[in-house]
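First up is the structure itself, then whatever we jot down about it.
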Amino acid sequence: MQKIIIFDTTLRDGEQSPGASLTIQEKLVIAKQLSKLGVDVIEAGFPISSDGDFEAVKIIAQKVKGPIICGLSRAIKEDIDRTWEAIKYSNRPRIHTFVATSQIHREKKLRKSKEEVLNMAIEAVKHAKSYCKDVEFSPEDAARTDIDYMCDVVRGAIRAGATTINIPDTVGYAQPEEFAKRIKEVFEKVHEARKIVISVHCHDDLGLSVANSLAAIKAGATQIECTVNGIGERAGNCSLEEVVMNIKTRKEFFKGYFTGINTKEIYPTSKMVSQLTGINVQRNKAIVGRNAFAHEAGIHQHGVISSKETYEIMDPEEIGWAGENLVIGKHSGKHAVEKVLKELGYDLNTEQVSEIRKKVKELADKQKEVMKEDIIAITNDMIGKLSEEEEIVKLEEVKVIAGNKVTPEAEVKITIEGMEKTGKGRGLGPVDAVSHAIFSLIDPHIKLKEYNLKAITGGTDALANVTIKIEDKQGNVFSADGINEDIVMASASALVKGINKSLAFKRGRK
Ligand code: KIV
Ligand code: ZN
């Protein structure tokens, strides 16, 4: 049996998705969940890129045990030094270093010759190796690199000490057959490749990242780099859940291969990542989309009722799909909430559990019935809550006037590090008016770039989940979310959370 190593880069390449900025605390929570999911490697960030990234990688290395903790660095000495400073706290550290090898990247981006790039790769691996025995090297834009030159760089990196070679399709250009051929050629042309791990890292620009990664497995790759929900640069990365469920569901096709993923943690992880990054999962997304197990056509429903296997190739329970079934009524006790949290696999302390119980009870009092989805939303909201230090601005009070015969107006009271301020705003609707009132108090240059509203379980008394993206004057984008039974309050909370993220970023705390 051959284990396929699952290298998760949600916190590095995934966080590079436009607008997906996570706080250090949110990254730590996701890393803990990834460990529970059973990933083998967590690429926790790119430490040289910002102080916030450095701190996040460091705290993950200190606190998350189990998976290998990896940090990314360009093939530059200072990058590697900084990465080591952050990951050295892990009992299983890995340095991942990369340099672009394709002609277009060498000539237009790096302005370096083939020999210079080859030397950079060798020197970088040697330097990384002086700190850490586990070193990964990637020839960036490998899929568009001349194969013989790519193999020279791969050979050089292995001889310098790389223990994993990752072949990235950086721009999502490859087709499955040609990508598989490239991997086979690595084994044929570089004999040393048999002694180390060959990995792949595929982007989804042409929608082929999962197909390319699966084809690479058949060609001998044993590590797949992927992200939860497939988030990442541009169209994203190879989706973790899709690769894992292909290997598991098509056992006879992927005979002899397995992963260490606890598939029951897939759905809770997907929910957590989508809520904390503010990137919604498309409804029809394979495995974790809301419609992935919904049967609409009468003929399908009839088939599924007679025998699930007629139209379902996977059991939703296999991926931990909790469904939207009613769990808590007005009179259900605390044990019911605890049971659901346990079932969902959240690792919470007693204080957190009692805060969730309190919120669920409040909701049950108003809404009468609370669904599992509500509990997931309340829990993720609590996990993503900013720390005292990060909560520079606090929302104190919101008043709105709206209707068909008046211009919507809002009055908002906030405190900024204890100092009370009140602002007014007008808008096209109550939410617009609230956003103008809030921005006028902090910085009128902040722009609301994206606004999404979702009723968690449906009905006019449902919990509203608002996700937003705001942009500051310098063009930095921050995402945040808020939940409340009142749409205006959920919006105001999300806006204030986004502002806090931008202020913390400005202060270098990200
Ligand atoms: O897409 C890419 O090439 C990368 C490398 C840093 C591995 O993300
Ligand atoms: Zn990438």
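These values consider heavy atoms only, across backbone and side chains, with no hydrogens, waters or symmetry-generated copies. These numbers come from a predicted model, not from an experiment.
Ion pair R92/D134 not flagged as a salt bridge, since none of the NZ, NE, NH1 or NH2 atoms sits closer than 4.0 Å to an Asp/Glu carboxylate oxygen. Under 4.0 Å is where a charged nitrogen must lie from a carboxylate oxygen, and between E85 and K88 at least one such pair does. The pair K27-E15 counts as a salt bridge, with a side-chain nitrogen and a carboxylate oxygen less than 4.0 angstrom apart. Using a 4.0 Å cut-off between charged side-chain N and carboxylate O, R94 and E43 make no salt bridge.
Ring geometry, H201 versus H203: the interplanar angle falls from 30° to 60°, so the pair is classed tilted.
Judged purely by distance below 3.5 Å, without hydrogens or angles, the side chains of S199 and N166 pair a donor atom with an acceptor atom. Judged purely by distance below 3.5 Å, without hydrogens or angles, the side chains of T269 and Q33 pair a donor atom with an acceptor atom. S73 and D79 share no donor-acceptor pair across their side chains, judged by distance under 3.5 Å alone. A side-chain donor from one of D443 and H445 sits under 3.5 Å from a side-chain acceptor of the other. Using a 3.5 Å distance cut-off with no hydrogens or angles, the side chains of N476 and Q474 do not pair a donor with an acceptor. Side-chain atoms of S102 and D141 form a donor-acceptor pair, as typed in the model, at a separation below 3.5 Å. The closest side-chain donor-acceptor pair between T259 and K3, if any, does not fall under 3.5 angstrom. In summary, the side chains of D381 and Q275 do not present any donor paired with an acceptor at a separation below 3.5 Å, with no hydrogens or angles considered.
Judged by distance alone, the side chain of N500 and the main-chain N or O of I392 form a donor-acceptor pair under 3.5 Å. Using modelled atom types, no side-chain atom of K129 and backbone atom of A162 make a donor-acceptor pair closer than 3.5 Å. Checking side-chain atoms of E107 against main-chain N and O of K112 turns up no donor-acceptor pair under 3.5 Å.
Here the side chains of W84 and C132 are in contact, with some heavy-atom distance below 4.5 Å. Side-chain contact between I48 and F54 is absent, with no heavy atoms from C-beta onward closer than 4.5 Å.
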*asked:* Evaluate V190 against E185 for side-chain contact (heavy atoms from CB on, under 4.5 Å), listing each step before the verdict.
replied: CA-CA 8 Å; V190 185; E185 282 184 341; over 6 Å; no
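A cation-pi arrangement is present between K218 and F253, with the terminal nitrogen or guanidinium carbon under 6.0 Å from the aromatic centre and inside a 45° cone about the axis. Judged by a 6.0 Å distance limit and a 45° cone about the ring axis, R106 is positioned over the six-membered ring of Y149.
The shortest non-hydrogen separation linking D81 to Y131 is OD1-OH, 2.7 Å.
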